[in-house]
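Numbers restart at 1 for each chain; the letters A, B, ... are given by sequence-line order, proteins then strands.
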Protein chains: 2
Amino acid sequence: MSGAVAVAEVRSAQAQRREHILDAAESCFVRNGFHRTTMQDLAREAGMSPGNIYRYFESKEAVVRGLAERDRERGMALVAEFERAGDRRGALLRIIEHYFAHMTREDAVLRVDLWSEATRNPDIAALVEQGEDEARCWMTEIFAALATAPDCDPVALHALLDAQMKGIVVARALSSTYDPAPAAARLRTLMDAGLEGRLPATARPLGETAS
Amino acid sequence: MSGAVAVAEVRSAQAQRREHILDAAESCFVRNGFHRTTMQDLAREAGMSPGNIYRYFESKEAVVRGLAERDRERGMALVAEFERAGDRRGALLRIIEHYFAHMTREDAVLRVDLWSEATRNPDIAALVEQGEDEARCWMTEIFAALATAPDCDPVALHALLDAQMKGIVVARALSSTYDPAPAAARLRTLMDAGLEGRLPATARPLGETAS
DNA sequence: GACGTGAGAATGAACGTTCATTATGATGCT
DNA sequence: AGCATCATAATGAACGTTCATTCTCACGTC
């Protein structure tokens, strides 16, 4: 029994150490980006020796992977928590509140970096894509459930809002004076309008205005 | 006279060389990103020796700067060309067509990279911001001129569309199968609706639904 | 004394940049 | 035309540094 406890303690100690390193990595990456952050920077920030980091992560890239993974897991956990505490619409609003109205610049910078990294690192791309898929499934499902208008297309609505959300993140990352609160409000307005069928339908991609 | 011609020729030769290097840099950066591209990679792609690049650019960073600058200049030139050839609304539609309906993944990847770089490189940040400002001025001005509804707020409309545009770029960069044409169509629909006052007004940022 | 944990020096490859040297080709002189 | 001169263009090996990773050794705990 004490053996099992010991094992559990070791597990948790290791996990804690990993979390600690990931926290340090987050600070470093926000400040200097992934590629300009050296293992020595990371070690200093984490308050340990460079060599020791390798006891918890296989490589520098594994740290980034770990960060992307944690990001995704946290998102899922947050969704789960919000859904447990209330209705689905409430969860949706809280997610918007949390991820957009209260988005810090650090969050935004990190996410843009992750996207940039995902464009050529297959591992990161897979993690990002998985997160995107999960979000899309969750949202379209909720949209379908909450739609009050018969012509509300949950998939199209998600496509619209998804771009809006990504754009807000970029804008927040680019300007330290950008206020995400109005953007979050617009996002919500757009969502409500879409659910209630008050958004204009989109015609064919190309061609002129077919009156 | 022949002296002047010679000077002009030298100028143009240098400029051509710079353009050539920037083209190569574009390829390299799209493939591997700025930080993973070595000067030797760049030299190979440009078909010249590493040392020679330094005759045209002060440093590796200057190449990125040059790329950001060229990007901005091209955008301005395109706007100027479209405006010369037709009405302002036509120019706007053509810009959307060009930058979004026909956006290649390479374009998108490069732009996301530039944004990521702008979050910590002040030089790049300044260039990106300048481009953003120019675009914002241009668009709000046009929106103000084209609005058919009295309650159309050009600045708010731009904020909405700007996020939408940035988000489309990110989505395009993240997925090689993403089709930007429908997104461009949505963008246009959103714009038209905004100009005609058919978009729901946004309430205060925080708080519940004030019915 | 075996083992988990950590520090910090050591390693070696990679990379941006420099520089001595060479090619190119235009210009002026005979 | 033939040749010397010279500026510009280009090369690519070498340099010094940086950095991810590994090695060695020490400290504590069972």
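B:Glu73 pairs by the side-chain hydrogen bond (donor to acceptor under 3.5 Å, both in side chains) definition with nothing, not counting sequence neighbours. Contacts of B:Phe100 classified as ring-ring contact (aromatic ring centres under 6.0 Å, His included), with partners at least two apart in sequence or in another chain: none. Here B:Glu69 pairs with nothing under the side-chain hydrogen bond (donor to acceptor under 3.5 Å, both in side chains) rule; sequence neighbours left out. With sequence neighbours excluded, the residues satisfying ring-ring contact (aromatic ring centres under 6.0 Å, His included) with B:Phe34 are B:Phe29.
The side chain of A:Ser49 contributes no N or O atom lying less than 4.0 Å from OP1 or OP2 of C:dG8.
Residue pairs satisfying the side chain to side chain donor-acceptor pair (under 3.5 Å) criterion with at least one member in residues 20-35 of chain A, sequence neighbours excluded, are listed as follows: A:Asp23-A:Arg70, A:Glu26-A:Arg70, A:Arg31-A:Glu45, A:His35-A:Glu117.
Atom CD of B:Gln14 is separated from atom P of D:dA7 by 16 Å (rounded to the nearest Å). Going from atom CE of B:Met48 over to atom C1' of C:dT24 covers 15 Å, rounded to whole Å. In this structure, CD1 of B:Ile53 is placed 13 Å from C1' of D:dG12, rounded to the nearest angstrom. Distance B:Arg55 CZ to D:dG12 C1': 15 Å, rounded to the nearest Å.
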Heteroatom pairs (N/O) under 3.5 angstrom, protein to nucleotides 13-20 of chain C:
from: C:dG16; atom 1: OP1; to: B:Thr37; atom 2: O; distance (Å): 3.3
from: C:dG16; atom 1: OP1; to: B:Lys60; atom 2: NZ; distance (Å): 2.6
from: C:dG16; atom 1: OP2; to: B:Met39; atom 2: N; distance (Å): 2.7
from: C:dT17; atom 1: OP2; to: B:Tyr54; atom 2: OH; distance (Å): 2.5
from: C:dT17; atom 1: OP2; to: B:Lys60; atom 2: N; distance (Å): 3.0
from: C:dT17; atom 1: O5'; to: B:Tyr54; atom 2: OH; distance (Å): 3.2

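When heavy atoms are screened at a 4.0 angstrom cut-off, B:Phe57 is found touching no nucleic acid atom at all.
Comment: A:Arg94 does not engage A:Asp87 in a salt bridge, judged by the lack of any side-chain N to carboxylate O separation of less than 4.0 angstrom.
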